[in-house]
Novice: 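One structure, pasted below without further comment.
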Amino acid sequence: MELKETLLSSFIAFEEHIDVDASIHDIRNSAIKIFEEKGFPTKKEEAWKYTSLNAVLKKNYTVFPKYDSGIEFKDVKKYFLHEIDTYKVIFVDGKFSSFLSATTHDGLDVCTMSSALNKPKYKMVIDEYFHKIAKKDDSLTALNTAFAVEGAYINVPKSKVVEKPIEIIYFSTGAENALMVQPRNLIIVGENAHVQIIERHQSLNENTVLTNAVTEVFAQKRAIVDYYKIQNDLLSANLVDNTYIAQKQESRVAVHTFSFGGNITRNNLNFYHQGERIDSTLKGITIIGDKQLVDHYTLVHHAQPNCESHQNYKCIVAENATAVFNGKIFVEKEAQKTDAFQQSNNILLSDKATVNAKPQLEIFADDVKCSHGCTIGQLNETAMFYMQQRGIPKKEAKALLMYAFSNEVFESIKIPELKQRITKIIAQKLGVNLGFDL
């Protein structure tokens with residue numbers, strides 16, 4: 001049976017085991033109809049012209065795995081930011097692990113979507129925010145919405161500065177030969193509130209995993225949100241990450257995406273401006289090799305005056321890997337005094353590596369400052385020679401140049417321990433010891 005048919009039949013069984021009187025029952029039913037009509041995206045669609053899911057979809061996925069986690073903290077400690085104290089919302093094979101988590105309701109809510117969807121005290125929040133900015137006509141978002149039952153729920157009240165970061169981690173144990181999980185996150189950050197969030201998807205063995213994730217983030221007036229996505233999974237893992245962010249007046253949201261691992265990774269990152277003097281930052285570092293594919297698809301929708309957006313993506317592509325950057329800035333007629341910047345810089349380390357870049361601007365306002373740029377090249381041989389003349393081995397010289405190439409993105413990481421962790425991952429990826437701390 002094809003995966004689409006498996007999912008459609010599974011939805012019938014899924015509906016029988018959940019509360020059909022729940023407020024999102026009708027939303028789920030509408031969503032599964034959209035997925036049934038559209039199916040999985042193909043390369044015939046402009047937005048997916050460089051990325052094919054065909055090979056991934058041929059696996060016989062388990063959609064509802066049996067939960068029998070024998071995971072010990074010591075087995076997964078290295079995936080946590082254990083150098084500092086954090087809140088933790090941890091899932092194993094799609095199920096919440098209270099043993100590995102550290103949640104709270106003291107001054108803010110850091111808990112699970114299953115609780116938020118099922119407990120009456122959260123009903124007003126769910127009715128106001130759930131599935132309000134996620135694209136209704138996107139087939140994979142619709143599929144996630146149809147099966148939405150678990151994920152992270154974070155609600156930061158007005159004027160609350162969250163004193164420690166929040167980690168959201170999805171582990172896959174490999175207990176199934178092939179597993180499909182569909183986490184749903186809902187994050188609401190109140191007026192003048194501030195939060196830092198780190199998200200990670202991690203397989204624990206080589207069995208195939210397909211993750212179709214959806215995250216909705218609502219930043220209210222003058223809220224500050226720093227969101228970090230660490231994508232360093234095994235080559236048996238595939239991730240489609242759909243993130244939708246709505247910003248109110250004078251809010252500041254930054255999303256940093258670090259893509260190092262995984263087989264196919266598709267990041268759909270969408271920002272929607274709903275007030276004036278908003279600041280949006282989208283930054284990413286991609287370092288891939290083998291036959292990996294990472295596809296960044298971004299949208300910043302400027303709908304109000306006096307707002308800024310800054311996109312800066314750095315890709316280093318080796319061997320037979322493929323990187324894609326498809327970034328769109330849309331400026332409405334009303335969005336005068338918009339300042340929008342977009343830059344995609346790429347380095348090819350082999351003749352068989354591929355980069356596909358498609359920066360886009362659609363501007364309907366006449367008093368704006370918008371720019372986009374794209375570069376694709378190789379490492380500077382003169383700089384390599386200069387460093388080797390001063391006793392730096394070729395491998396280390398190459399690594400230092402690539403690190404310097406990525407440094408613009410590093411500079412804006414606001415959690416020092418995370419910056420050190422990313423540095424170590426990059427050193428491992430490049431096969432060197434960079435020999436310094438940040």
Side-chain angles (χ1 to χ4, degrees), residues 107-110 124-125 128-130 132-135 152-166 185-199 215-229 243-257 269-284 298-312 327-343 361-372 408-409 411-415:
L108 73 158
D109 288 318
V110 178
M124 285 180 62
V125 178
E128 184 174 353
Y129 293 105
F130 181 82
K132 289 299 186 287
I133 51 171
K135 283 180 71 175
Y153 173 80
I154 298 168
N155 193 345
V156 184
K158 182 177 180 179
S159 301
K160 173 73 174 180
V161 177
V162 184
E163 70 276 9
K164 53 189 180 182
I166 300 170
N185 305 315
L186 178 59
I187 298 162
I188 303 134
V189 186
E191 289 185 23
N192 300 302
H194 183 191
V195 67
Q196 296 174 318
I197 298 170
I198 303 161
E199 179 187 333
T215 300
E216 292 181 288
V217 180
F218 296 85
Q220 307 295 6
K221 292 179 181 178
R222 295 175 297 280
I224 301 174
V225 182
D226 293 311
Y227 206 118
Y228 303 94
K229 294 175 180 285
T243 302
Y244 301 93
I245 298 169
Q247 291 184 249
K248 298 291 188 183
Q249 178 182 326
E250 296 178 8
S251 61
R252 303 169 68 89
V253 177
V255 177
H256 290 69
T257 306
L269 182 55
N270 305 272
F271 278 73
Y272 303 101
H273 288 186
Q274 299 175 352
E276 293 192 36
R277 294 178 294 282
I278 286 169
D279 192 301
S280 303
T281 299
L282 303 77
K283 292 188 176 184
T298 69
L299 166 69
V300 181
H301 190 156
H302 286 268
Q304 299 289 332
N306 303 302
C307 295
E308 297 184 18
S309 65
H310 309 272
Q311 299 185 57
N312 196 351
K328 185 174 183 180
I329 297 170
F330 191 93
V331 183
E332 297 275 14
K333 186 178 180 180
E334 296 79 15
Q336 303 294 343
K337 304 291 184 184
T338 288
D339 185 353
F341 169 82
Q342 182 190 90
Q343 185 70 31
L361 289 175
E362 286 192 40
I363 303 171
F364 297 95
D366 52 19
D367 185 8
V368 299
K369 182 178 161 187
C370 297
S371 65
H372 65 79
E408 274 184 277
V409 176
E411 287 177 345
S412 52
I413 300 176
K414 295 180 180 176
I415 304 172

Novice: V255 versus K229: any side-chain heavy-atom pair under 4.5 Å?
Specialist: yes

Novice: Check side-chain contact (heavy atoms from CB on, under 4.5 Å) between N312 and all other residues, then give those that pass, not counting sequence neighbours.
Specialist: K283, K314, Q343, N345, E408

Novice: Is there a side-chain contact between S280 and V253 (heavy atoms, below 4.5 Å)?
Specialist: no

Novice: Once side-chain contact (heavy atoms from CB on, under 4.5 Å) is applied, do any residues pair with Q249, and if so which ones, sequence neighbours excluded?
Specialist: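 Only K221, R277 meet the side-chain contact (heavy atoms from CB on, under 4.5 Å) criterion with Q249.
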
Novice: Below 4.5 Å, heavy atoms only, C-beta onward: do I278 and Q304 meet side chain to side chain?
Specialist: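 I278 vs Q304: side chains apart.
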
Novice: For the residue pair A335 and A365, what are the closest heavy atoms and their distance?
Specialist: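 That would be O-CB, 3.9 Å.
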
Novice: For K328, give me all partners under salt bridge (charged side-chain N to carboxylate O under 4.0 Å, His left out), at least two apart in sequence or on another chain.
Specialist: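 For K328, the residues satisfying salt bridge (charged side-chain N to carboxylate O under 4.0 Å, His left out) (neighbours in sequence not counted) are E362.
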
Novice: Apply side-chain contact (heavy atoms from CB on, under 4.5 Å) to P305 and list each qualifying residue two or more places apart in sequence or on a separate chain.
Specialist: E276

Novice: Are side-chain heavy atoms of F271 and T298 found at a separation under 4.5 Å?
Specialist: no

Novice: Any non-hydrogen side-chain atom of Y227 less than 4.5 Å from a side-chain atom of V195?
Specialist: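 Of all side-chain heavy-atom pairs linking V195 with Y227, none is under 4.5 Å.
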
Novice: Is there side-chain contact between E199 and T215, with at least one heavy-atom pair below 4.5 Å?
Specialist: yes

Novice: Are there over 12 heavy-atom neighbours, none belonging to K158, within less than 6.0 Å of that residue's NZ?
Specialist: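 Check fails, neighbour count at 12 or below.
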
Novice: Return the set of residues passing side-chain contact (heavy atoms from CB on, under 4.5 Å) with A340 (not counting sequence neighbours), or none when no residue passes.
Specialist: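 Partners of A340 by the side-chain contact (heavy atoms from CB on, under 4.5 Å) criterion, ordered by chain and then number, come out as H302, S309, I329, T338, C370.
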
Novice: Would one find more than 12 heavy atoms of other residues, nucleotides or ligands at under 6.0 Å from atom NZ of K337?
Specialist: no

Novice: Checking D226 now: which residues fulfil salt bridge (charged side-chain N to carboxylate O under 4.0 Å, His left out) with it, not counting sequence neighbours?
Specialist: K414

Novice: Measuring only between side-chain heavy atoms, which start at C-beta, is N185 closer than 4.5 Å to V217?
Specialist: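 No; the side chains remain at least 4.5 Å from each other.
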
